[in-house]
Amino acid sequence: MKDIYSAVKVTDNVYWVGAIDWTIRDFHGYTTPHGSTYNAYLVMADDITLIDTVKAPFMGEMLARIRSVVEPSKIKYIVSNHSEMDHSGCLPEVIDFIKPQKVFASATGVKTLKELFHDQHEITPVKDGETLNLGNMELTFMETRMIHWPDSMFTYLAKDELLFSQDAFGMHLATLERFADEIPAATLEYEGATYYANIVLPYSAIVLKALEKVAASGIKIKIIAPDHGPIWRKDLGWIIDLYKKWASQKPTAKAVVVYATMWHSTGKMARAISEALAQAGVKVKLLSMNETHRSEVVYEVLDAGALIAGSPTLNNNILPQMADVMTYLKGLKPVNKIGAAFGSYGWSGESVKHLEAMLKEMKVDIVSESIAVKNAPGDDVLKKCHELGKIIATELLKRTTAH
Ligand code: FEO
């Protein structure tokens with residue numbers, strides 16, 4: 001493996017020694033059609049340090065990349081910025097193999113690693129702002145609790161003005177290009193936003209505070225090295241501004257109409273609502289859950305100002321595809337949306353009531369009466385759906401232009 005896998009030089013002192021997962025397609029419910037990478041970094045200081053490790057099956061690939069620079073046994077320290085198994089899965093085995101002098105994590109990281117592995121490895125807790133002297137350079141630890149786990153922290157290498165940012169600024173994208181400036185901006189924006197929406201979104205308020213805290217600290221950052229996807233070494237303001245935009249969730253004149261249908265009745269209603277929205281000048285994403293993955297819906301909801309949900313009634317409830325996406329969306333806590341519910345039914349007709357309750361639980365402001373139709377919509381009901389779309393569009397344009 002040593003001659004196949006090599007490290008990638010990031011600076012004179014830092015190498016990427018991670019692994020590329022070309023085939024992963026599911027990340028706890030988030031679909032990853034373009035794979036991912038698990039990034040680990042080698043700091044070639046006097047005291048050689050490994051920042052993070054990789055998912056368990058990729059340990060050999062990481063060790064081979066390390067060996068292309070230095071014998072792994074020369075590593076003195078390991079830093080675990082984040083305990084989630086995609087970055088710590090092989091940590092116990094790596095500790096046994098490398099036998100570093102010390103392994104560091106945040107205090108919560110130490111507890112989490114113990115609870116995950118139930119082993120006897122000693123991990124040393126570090127505090128926010130604490131430094132680690134590596135001889136000719138030093139690392140500074142910065143706690144970033146709940147971005148996106150309680151244990152999460154960043155590690156800063158002042159000598160290279162380099163921030164090891166664990167999951168933040170990452171994306172699930174398997175490539176042989178290691179740097180963001182080697183990848184088209186549209187790909188970076190799409191993959192970065194999808195990652196943000198599916199992983200980081202619930203912690204947006206904390207992200208905004210963390211960005212302010214880093215800016216206020218006055219530390220200079222020339223490189224951001226995340227734990228997934230490419231490394232940022234040019235035009236960092238671009239991705240930082242995108243993070244500010246995604247975290248602030250300012251609504252735009254865009255509506256997501258998400259629905260599932262049995263015999264096309266709810267589908268016809270969705271079309272009528274969407275046509276009215278578009279005719280009023282609102283950008284519309286019409287997403288049928290019979291064909292769409294929940295991850296794509298969350299990506300579209302990220303910058304939308306309206307969320308309109310539709311389902312027929314099945315066994316006194318909503319269709320399972322809608323239960324799936326609504327549960328997923330609720331957990332990700334999007335904010336600043338208006339909306340309504342719609343759907344068809346055969347006899348009992350509870351789906352619209354359920355959907356409206358779910359939207360309210362998500363703090364979606366219901367600005368139009370919801371519409372339920374028995375069996376199939378005729379022209380009269382489709383006209384009502386068109387009206388619903390107009391009402392939402394009027395309110396959305398009022399709110400987004402007032403901002
Ligand atoms: Fe990439 Fe939260 O693990």
Side-chain angles (χ1 to χ4, degrees), residues 1-22 36-82 86-105 131-141 154-166 169-170 173-183 221-234:
M1 295 249 274
K2 181 185 168 192
D3 297 331
I4 295 170
Y5 293 109
S6 58
V8 176
K9 193 170 180 173
V10 180
T11 68
D12 285 345
N13 304 302
V14 176
Y15 291 82
W16 175 85
V17 290
I20 306 172
D21 189 344
W22 295 99
S36 193
T37 68
Y38 312 114
N39 298 339
Y41 300 93
L42 196 60
V43 181
M44 291 302 293
D46 290 345
D47 296 331
I48 298 171
T49 301
L50 179 64
I51 309 284
D52 285 322
T53 61
V54 296
K55 200 172 172 180
F58 295 88
M59 181 174 115
E61 183 177 333
M62 180 188 75
L63 289 174
R65 293 193 198 276
I66 292 171
R67 266 191 214 103
S68 72
V69 180
V70 68
E71 263 312 304
S73 58
K74 304 271 189 223
I75 293 171
K76 186 168 178 184
Y77 300 132
I78 299 176
V79 173
S80 171
N81 274 330
H82 179 26
D86 46 335
H87 311 296
S88 72
C90 68
L91 183 60
E93 236 182 303
V94 168
I95 296 171
D96 288 340
F97 184 80
I98 292 177
K99 298 184 175 49
Q101 213 173 80
K102 280 193 164 190
V103 180
F104 300 96
T131 57
L132 174 66
N133 191 325
L134 306 182
N136 57 342
M137 57 191 91
E138 70 175 19
L139 297 173
T140 306
F141 305 109
F154 290 171
T155 296
Y156 178 64
L157 177 65
K159 188 176 172 76
D160 289 348
E161 298 178 353
L162 189 156
L163 187 72
F164 298 105
S165 64
Q166 42 98 15
F169 304 106
L173 179 64
T175 57
L176 283 163
E177 293 84 10
R178 285 280 60 79
F179 297 97
D181 48 278
E182 299 167 330
I183 296 168
I221 301 171
K222 270 201 320 215
I223 298 170
I224 297 176
D227 273 358
H228 296 289
I231 297 160
W232 305 91
R233 64 179 175 185
K234 287 186 185 167

Could you check if a side-chain atom of M62 sits within less than 4.5 angstrom of a side-chain atom of L50, using non-hydrogen atoms only?
yes
Do E61 side-chain atoms and I20 backbone N/O form a donor-acceptor pair below 3.5 Å?
yes
Decide side chain to side chain contact (heavy atoms under 4.5 Å, CB included) for L173 and I183; before the verdict, give the C-alpha distance in whole Å, the side-chain angles of both, and the deciding distance to 0.1 Å.
CA-CA 11 Å; L173 179 64; I183 296 168; 4.3 Å; yes
Answer whether the closest heavy-atom distance between the side chains of S88 and H82 falls below 4.5 Å.
no
Minimum heavy-atom distance I78-L91, with the two atoms named
CG2-CD1, 3.9 Å
Which heavy atom of R178 sits nearest to which heavy atom of E182, and what is that distance?
N-OE1, 3.2 Å
Determine, stepwise, if the pair Y41 / L157 fulfils side chain to side chain contact (heavy atoms under 4.5 Å, CB included).
CA-CA 12 Å; Y41 300 93; L157 177 65; over 6 Å; no
Restricting to non-hydrogen atoms, name the atom on I224 and the atom on S165 that form the minimum distance, rounded to 0.1 Å.
CG2-OG, 3.4 Å
Check salt bridge (charged side-chain N to carboxylate O under 4.0 Å, His left out) between K159 and all other residues, then give those that pass, not counting sequence neighbours.
none
For the backbone of E138 and the side chain of T140, can you confirm whether one donor and one acceptor N or O come within less than 3.5 Å of each other?
no
Can you name the nearest heavy-atom pair linking Y77 to N133, along with the distance?
CE1-O, 4.2 Å
Can you see which heavy atom on D21 is nearest to which on A174, and at what distance?
O-CB, 3.8 Å
If you apply the rule side chain to side chain contact (heavy atoms under 4.5 Å, CB included), what do you find for W22 with L176, and how did you get there?
CA-CA 10 Å; W22 295 99; L176 283 163; 3.8 Å; yes
With a 4.5 Å heavy-atom cut-off, do L42 and I75 have their side chains touching?
yes
Is there a donor-acceptor pair under 3.5 Å between the side chain of N39 and the backbone N or O of G229?
yes
When rounded to the nearest 0.5 Å, the distance separating OH of Y15 from CD1 of I66 is 13.0 Å
Min side-chain heavy-atom separation K76-I48 under 4.5 Å
no
Evaluate the side-chain proximity of R65 to W16: yes if any heavy-atom separation is below 4.5 Å, no if none is.
yes
So do I51 and L139 actually touch side chain to side chain, heavy atoms under 4.5 Å?
yes
Is any side-chain heavy atom of V8 less than 4.5 Å from a side-chain heavy atom of F179?
yes
Side chain to side chain contact (heavy atoms under 4.5 Å, CB included) between V14 and F164, worked out:
CA-CA 11 Å; V14 176; F164 298 105; 4.1 Å; yes
Donor-acceptor pairs under 3.5 Å, side chain of residues 93-104 to any protein atom, not counting sequence neighbours: which ones?
| residue | atom | partner | partner atom | Å |
| --- | --- | --- | --- | --- |
| D96 | OD1 | H121 | NE2 | 2.7 |
| K99 | NZ | D96 | O | 2.7 |

Could you check whether the rings of H228 and Y38 sit parallel, tilted or perpendicular, using 30° and 60° as the cut-offs?
perpendicular
Please confirm whether the backbone N or O of A7 pairs with a side-chain atom of S68, one donor and one acceptor, at under 3.5 Å?
yes
Side-chain heavy atoms of F58 within contact of T37, under 4.5 Å:
no
To the nearest 0.5 Å, how far apart are CG in D160 and CD1 in I221?
13.0 Å
Taking all non-hydrogen atoms of both residues into account, name the closest pair between A225 and I231 and its distance.
CA-CG2, 4.3 Å
